[in-house]
Protein chains: 2
Amino acid sequence: MGRWEPDSRGRLERAALALFGEHGFENTTVAEITARAGLTERTFFRCFADKREVLFGGAGALRELLVSTVDGAPENADPLDVVVVAFEAAAAMLQERREFALQRQAVIAANTELREREVIKLSLLATAIAGALRRRGVSETAASLTADTGIAVFSAAFTAWINETEHREFPLLIRESFDELRAVTAGAARS
Amino acid sequence: MGRWEPDSRGRLERAALALFGEHGFENTTVAEITARAGLTERTFFRCFADKREVLFGGAGALRELLVSTVDGAPENADPLDVVVVAFEAAAAMLQERREFALQRQAVIAANTELREREVIKLSLLATAIAGALRRRGVSETAASLTADTGIAVFSAAFTAWINETEHREFPLLIRESFDELRAVTAGAARS
DNA sequence: TAGAGTGATGACAGTCACTGACATCAGGCC
DNA sequence: GGCCTGATGTCAGTGACTGTCATCACTCTA
């Protein structure tokens, strides 16, 4: 066995989520998190850029899944359809850890700073998706609009998935939210 | 004349924007800002919730304009059309201070923390717009989708307004971006 | 198998954003 | 003239975050 207990990053993540749930984000110090994880503050900041980031370790994997799905879609597929399929895949991924997602979302929803971080993570996803669309030949404006729209659809579906009492399939909710978007935009006047 | 120079808030805003432009956001301390403005740090934090907020004083006025425009739209107007008109009004407002907007946006673009704050301000705008739409009888999901879509359209148009060499009218760019959105969504397959 | 890396961690001092509590003082009001 | 009020100053904190150097189990190599 190594000199130290393994998986310090994971221990910090679990300790943080537990403490944030118990006392709230603001009322939890990094010192308390590291104490529970059996580490020092310095190690915390080597693992995570700042205190908030300990809740957002999964964002990278999500981005990779979305981008690789877009990259792997049939060449002539409609951009918005491609994005929807990518988000369905992401939804399926998140669905496998529903309990964790619920707990994490409760913590984030309770704190503005954390919502800031979440929102910018979403916008980074949008940027990554827009980049993947551009590689498919979609124009700059259309790419960012499509990506942002995808994020909007995803956010609406995520809220439904978290809040609905009848636990429906997350990918199905994505599909429904997309249909609603089409209804919204189809009704608008042509200028 | 009062005991102190007037408009301490405005002096802090101007000092901050100037210093952020010269040395960057991270390399500027609140002490430096207050020194240039002839005030103390404590006063800074009485005017602004945190260091970033000094750049976002106008967000409230923007929100009020958007919400009041949505509230004042004809009863039977299409929700997305209403939102577009509101953003055209907002664009006209921003256009009157183009130089300031350019300088401010350069500072924000150069710093992730500031982009975080900007993105969440946009999402707060979306929430406010969605609320106004709900008051018009639009369903929860449609309202948030429409509002988010409006923000996406606005963001795309704003980027164009900032970057384009040929200085076209901002409200016109909003209208164009909206048309592009319609093209994007109209092309997608029906599920 | 000894000795030289290597990489994760600890120790510690420092900066700076931000807060609470109390002091100060010009101008308005009675 | 005296009191109140509101904006500001002063000061001592707390806690997030960083730079730097020390430590030490493990590994590789001669």
Side-chain angles (χ1 to χ4, degrees), chain A residues 1-57 107-108 110-118 120-121, chain B residues 1-57 107-108 110-118 120-121:
Chain A
M1 196 174 77
R3 176 182 177 190
W4 300 278
E5 296 297 314
D7 192 24
S8 50
R9 192 184 164 93
R11 276 152 54 208
L12 287 169
E13 286 174 347
R14 287 186 290 276
L17 184 58
L19 286 168
F20 292 164
E22 290 170 25
H23 312 120
F25 177 78
E26 287 184 2
N27 297 319
T28 304
T29 67
V30 173
E32 289 165 350
I33 297 169
T34 53
R36 177 176 292 206
L39 294 161
T40 64
E41 283 188 61
R42 198 66 191 81
T43 300
F44 181 96
F45 289 109
R46 283 199 187 96
C47 289
F48 307 102
D50 58 48
K51 183 181 165 189
R52 286 176 280 172
E53 200 63 18
V54 70
L55 285 172
F56 294 89
V107 169
I108 291 174
N111 183 276
T112 306
E113 268 184 281
L114 291 173
R115 267 178 278 141
E116 278 194 25
R117 178 57 53 87
E118 183 180 43
I120 207 171
K121 289 287 179 185
Chain B
M1 195 175 75
R3 176 183 179 191
W4 300 279
E5 296 298 312
D7 190 25
S8 51
R9 191 185 166 94
R11 275 152 56 210
L12 288 170
E13 285 173 347
R14 288 186 290 275
L17 185 58
L19 286 168
F20 293 165
E22 290 169 26
H23 312 120
F25 177 78
E26 288 185 2
N27 298 319
T28 304
T29 66
V30 174
E32 289 165 350
I33 298 169
T34 55
R36 177 176 292 208
L39 293 163
T40 63
E41 283 188 62
R42 197 67 190 84
T43 300
F44 181 97
F45 288 109
R46 284 198 186 96
C47 289
F48 307 101
D50 58 48
K51 183 181 165 188
R52 287 176 279 171
E53 200 63 18
V54 71
L55 285 171
F56 294 90
V107 169
I108 291 174
N111 182 275
T112 306
E113 269 184 281
L114 291 173
R115 268 178 276 140
E116 277 194 25
R117 178 58 54 87
E118 183 181 43
I120 208 173
K121 290 286 180 187

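To find a chain, count down the sequence lines: A is the first, B the second, and so on, and within it residues start at 1.
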Taking [atom1] from [X] and [atom2] from [N], how many angstroms apart are they, rounded to a whole number?
| X | N | atom1 | atom2 | answer |
| --- | --- | --- | --- | --- |
| B/Arg52 | C/dC16 | CZ | P | 18 Å |
| A/Phe25 | D/dA16 | CZ | C1' | 10 Å |
| B/Lys51 | C/dT19 | NZ | C1' | 17 Å |
| A/Glu32 | D/dT14 | CD | C1' | 12 Å |
| A/Phe45 | D/dC17 | CZ | C1' | 5 Å |
| A/Leu12 | C/dT9 | CG | C1' | 12 Å |
| A/Glu41 | C/dA8 | CD | C1' | 18 Å |
| B/Arg42 | C/dT24 | CZ | P | 18 Å |

Exercise. What heavy-atom pair brings B/Cys47 and B/Leu12 nearest, and what distance separates the two atoms?
Worked result: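 The answer is SG-CD1, 4.1 Å.
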For this session: Answer yes or no: are there more than 12 heavy-atom neighbours, outside A/Glu32 itself, under 6.0 Å from its atom CD?
Result: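 Check passes, neighbour count above 12.
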For this session: Return yes if the base of C/dG7 and the side-chain atoms of A/Arg46 contain a donor-acceptor N/O pair under 3.5 Å, otherwise no.
Result: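 Side chain to base: no pair present.
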Exercise. What nucleic acid atoms does B/Thr34 come within less than 4.0 Å of, heavy atoms only: base, sugar-phosphate, or nothing?
Worked result: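 Answer is nothing: B/Thr34 stays at 4.0 Å or more from every strand.
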Exercise. Would you say A/Ser8 reaches C/dT9's phosphate, i.e. side-chain N/O to OP1/OP2 under 4.0 Å?
Worked result: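 Checking A/Ser8 against C/dT9: at least one side-chain N or O falls below 4.0 Å of OP1 or OP2.
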Exercise. Using a cut-off of less than 4.0 Å, is there contact between a side-chain N or O of B/Thr43 and OP1 or OP2 of D/dG9?
Worked result: yes
Exercise. Can any side-chain N or O of B/Lys51 pair as donor or acceptor with the backbone N or O of B/Thr28 at less than 3.5 Å?
Worked result: yes
Problem set entry | Test item: A/Ile108 and A/Phe25 side chains (from C-beta on) under 4.5 Å apart, heavy atoms | no
